Asker: 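Structure provided below as structure tokens; questions to follow.
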Amino acid sequence: MANFNIDYVKNATYDAIVIGSGISGGWAAKELTGKGLRTLVLERGRDVKHIVDYPTTMKQPWEFEHRGQVNLDVKTENPIVSKCYAFYEGTEQFFVKDKEHPYVQEKPFDWIRGYQVGGKSLLWARQTQRWSDFDFDGPARDGFAVDWPIRYKDIAPWYSHVEKFAGITGNKDGLPNLPDGEFLPPHEMTCVEKYFKEQVSKNYKDRNVIIGRAAHLTQPKPIHYQQGRAQCQHRTICERGCPFGGYFSSNASTLPWAMKTGKMTLRPDSVVHSIIYDEKKGKAVGVRVVDAHTKEMMEFYARIIFLNAAALNTNLVLLNSTSNRFQNGLGNDSGTLGKYVAFHNYRARISGEYEGFGDMTTDGRRPNGSYIPRFRNLHKQETDFLRGYAAGFDTYRSQEHDYSGLGADLKANLGKSTWGKWHVGSHMMGETIPKESNYVALDKNLKDPFGIPQLKIAIGYDENDEKMIKDYHTQLTEMFTMAGFTNIKTFDSHQAAGLDIHEMGGVRMGNDPKTSMLNKWNQLHACKNVFVTDGASMTSTSTQNPSLTYMAFAARSVDYAVKQMAMGNL
Ligand SMILES: Cc1cc2nc3c(=O)[nH]c(=O)nc-3n(C[C@H](O)[C@H](O)[C@H](O)COP(=O)(O)OP(=O)(O)OC[C@H]3O[C@@H](n4cnc5c(N)ncnc54)[C@H](O)[C@@H]3O)c2cc1C
């Protein structure tokens, strides 16, 4: 038995463990294995292999049993995930179903998750903007959160590092609030988007409209071909999984790259229960895992642990990692674990029409849109709310069809289809303020199917968010009117927090261990061999999409950790 234990420990011991195989975990795995570390990647969901496990990727619309829609039973049984625009018959296999993984909504919160190898990287909308010092300076300048322990210059080289490998399309716009990256050629704006850009530049000195920056291979480089990826085909059905690897996902990019090193062991169906803290050694020594099929509890060991389970699950794992030393969760000396969670305010929209460009339309598809970088409260506080919003901007031209008649008549009438007006639309992406009262905690009574406490979520909007929605509607109405758009309508979806799918915080970075969980290297202040490099680590949320920043943090943090190991500090 003693020998068996020694063998078990030996076989279950790695240099590094990564918890979660989504966007950030994939990057941690790639970087760790690339630096020669034997790395165990633990993923709670099933395996999803690139190409072979994308069952709907080549399906034509008429090949879907319900013409692409999820049927009513699925909708009724899954009211939360059904609210996500990307949940349909072609993608439902990649989303968590409501009942299978319950949580407690102390306040309404639509928690959208993807539990499988690759996580949400299969499903994401691929928008990838860098953050700037207007974001990293924000909390200190406006006094709404602890100071970020880093600035743009610290992360900039790591943005370049991940952009070159992932492949990001974009235009070099030279904007201080949205730093340029290592871009592949940009997508084209439509004639109406170009027109709106001109009008906005002419009428506002501080506002811009640009083509979106997105993780698509518009012109692959050798490094992308080496990953087995090819040019994006503009199919715009990305969330079904792309057989070309035309967009960045962990499945197409980082995970197979890590696997090729021979240093990665990927263990799907492994639900991490908690991190094991050794009181005598004063550090973490491994993780407890529940096998998703047998429900057997097992342990794996490593010198360093990267936590990349996506923001709220990372909070859950740390909260559930208790010991004599850390009775309220691993590393939680500050008492801030689970608190100061924030998200993006995606409630506001605006639409309109444009009579011009009657002789123009678009050709083909584009897996991207246009983008209005944040312009509110950038250089000085100018509104009665803190921070600001970015916005998407999209246009399309409708077709008008005559569906009357039957048989030959119908065919003839359809042949007379005419082009309708140009439609213009925008949606707000607002920063929310991290607050102590927006928190997650372990429910004292309810457990999930693996015997792990359910997560209790108490996150919601406040007055700042309401004022921001009002301002977005006013400003965008003014900009649309100025451009000559008509039939302008504003909307507030009143959607719950969560549907933005950009939840962040709870394990925030900061300089002071008394008020934050992580130092500037994403390392737990109080347990130095545990690193958190997903959204949980974000001190504030910016207005930009967050995932590119998680990638850069993961790569930067691995570099630091491996150097520390080499110096014998970890
Ligand atoms: C429809 C949609 C559109 C989006 N659009 C954008 C966008 O345009 N731009 C952008 O930046 N972001 C976007 N996002 C958000 C983006 O997907 C996430 O920010 C990103 O995936 C987070 O990376 P992650 O590694 O933290 O989490 P994930 O990619 O979710 O990966 C986490 C992994 O950890 C696993 N896991 C969780 N708990 C455990 C556990 N206890 N044990 C073991 N494994 C565990 C999960 O199963 C999962 O595989 C979008 C998301 C969706 C769904």
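Start at 1 and go down the list; that is how both ligands and their atoms are numbered. Keep in mind the model is a prediction, meaning the values are calculated, not measured.
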Asker: Between D269 and R267, does any side-chain N to carboxylate O distance fall below 4.0 Å?
Answerer: no
Asker: Could you find the nearest protein heavy atom to atom 37 (C) of ligand 1 and give me its residue, atom name and distance?
Answerer: A309 O, 3.2 Å
Asker: Quick one: look up the protein heavy atom nearest atom 31 (O) of ligand 1 and list residue, atom name and how far away it is.
Answerer: G22 CA, 3.2 Å
Asker: Please report which non-hydrogen protein atom sits nearest to atom 15 (C) of ligand 1, along with the residue it belongs to and the distance in Å to one decimal place.
Answerer: I501 O, 3.5 Å
Asker: Indicate yes or no: does an N/O atom of V272 lie under 3.5 Å from an N/O atom of ligand 1?
Answerer: yes
Asker: Please confirm whether F375 and Y389 have ring centers closer than 6.0 angstrom.
Answerer: yes
Asker: What are the atoms of ligand 1, with element, lying closer than 4.0 Å to any heavy atom of N545?
Answerer: 7 (C), 8 (O), 9 (N), 10 (C), 11 (O)
Asker: Which atoms of ligand 1 have any heavy atom of G114 under 4.0 Å away?
Answerer: 46 (C), 47 (O), 48 (C), 49 (O)
Asker: To check you understand the geometry: which heavy-atom pair defines the closest contact between M298 and D291, and what is its length?
Answerer: CE-CB, 4.1 Å
Asker: May I ask you to identify the nearest protein heavy atom to atom 44 (N) of ligand 1, giving residue, atom name and distance to one decimal place in Å?
Answerer: R44 N, 3.0 Å
Asker: What I want to know is whether A125 and ligand 1 share at least one N or O pair that is separated by under 3.5 angstrom.
Answerer: yes
Asker: Please list the nearest protein heavy atom to atom 13 (C) of ligand 1 with its residue and the distance rounded to 0.1 Å.
Answerer: H502 NE2, 3.5 Å
Asker: Between ligand 1 and D534, is the shortest N or O to N or O distance under 3.5 Å?
Answerer: no
Asker: Using a 4.0 Å cut-off to any heavy atom of L42, which atoms of ligand 1 qualify?
Answerer: 43 (C), 44 (N)
Asker: Starting from atom 27 (O) of ligand 1, locate the nearest protein heavy atom and write down its residue, its atom name and how far away it is, to 0.1 Å.
Answerer: A310 CB, 3.2 Å
Asker: What I want to find out is whether D98 reaches K83 closely enough, with some N-O distance under 4.0 Å, to be called a salt bridge.
Answerer: no
Asker: Taking the six-membered ring for Trp, are H161 and W158 parallel (under 30°), tilted (30 to 60°) or perpendicular (over 60°)?
Answerer: perpendicular
Asker: Of all the non-hydrogen atoms in the protein, which one sits nearest to atom 47 (O) of ligand 1, and at what distance?
Answerer: E43 OE2, 2.6 Å
Asker: Return the residue, atom name and 0.1 Å-rounded distance of the protein heavy atom closest to atom 23 (O) of ligand 1.
Answerer: I23 CB, 3.5 Å
Asker: Hey, are K75 and E92 close enough for a salt bridge, meaning a charged N less than 4.0 Å from a carboxylate O?
Answerer: no
Asker: Give the atoms of ligand 1, by number and element, whose distance to some non-hydrogen atom of Y85 is under 4.0 Å.
Answerer: 1 (C), 2 (C), 3 (C)
Asker: Charged N to carboxylate O below 4.0 Å: is that the case for R38 and D15?
Answerer: no
Asker: Flag the pair R347 and D465 as a salt bridge only when some basic side-chain nitrogen lies within less than 4.0 angstrom of an acidic carboxylate oxygen.
Answerer: no
Asker: Which word best sums up how the rings of F450 and H101 line up, parallel for under 30°, tilted for 30 to 60°, or perpendicular for over 60°?
Answerer: parallel
Asker: With atoms numbered from 1 as shown, which atoms in ligand 1 lie under 4.0 angstrom from a non-hydrogen atom of Y115?
Answerer: 46 (C), 47 (O)
Asker: Report the relative orientation of the aromatic rings in F248 and W27; use parallel for angles under 30°, tilted for 30 to 60°, perpendicular for over 60°.
Answerer: parallel
Asker: One thing to verify: whether R130 and E163 come together as a salt bridge, which I'm taking to mean a side-chain N less than 4.0 angstrom from a carboxylate O.
Answerer: yes
Asker: Give the numbers and elements of all ligand 1 atoms closer than 4.0 Å to a heavy atom of A86.
Answerer: 1 (C)
Asker: Does K120 reach ligand 1 with a nitrogen or oxygen that is under 3.5 Å from one of the ligand's nitrogen or oxygen atoms?
Answerer: yes
Asker: Using a strict threshold of under 4.0 Å (side-chain N to carboxylate O), is an ion pair present between D559 and K35?
Answerer: yes
Asker: Could you work out, for atom 19 (O) of ligand 1, the closest of S270, S547, A311 by heavy-atom distance?
Answerer: S547
Asker: Between N313 and D534, is there a side-chain heavy-atom distance shorter than 4.5 Å?
Answerer: no
Asker: Just to be sure I'm reading this right: ignoring hydrogens, which of S24, A28, G212, A292 gets closest to atom 25 (O) of ligand 1? Compare them by their nearest heavy atoms.
Answerer: S24
Asker: Using distance alone, decide if ligand 1 has a nitrogen or oxygen within less than 3.5 Å of any nitrogen or oxygen in L548.
Answerer: no
Asker: Quick one: which ligand 1 atoms are inside 4.0 Å of a heavy atom on Y550?
Answerer: 19 (O), 22 (C)
Asker: Pick whichever of Q127, R113, E239, R46 has a heavy atom sitting closest to atom 8 (O) of ligand 1.
Answerer: Q127
Asker: Heavy-atom distance under 4.5 Å between the side chains of T549 and P546, does that happen here?
Answerer: no
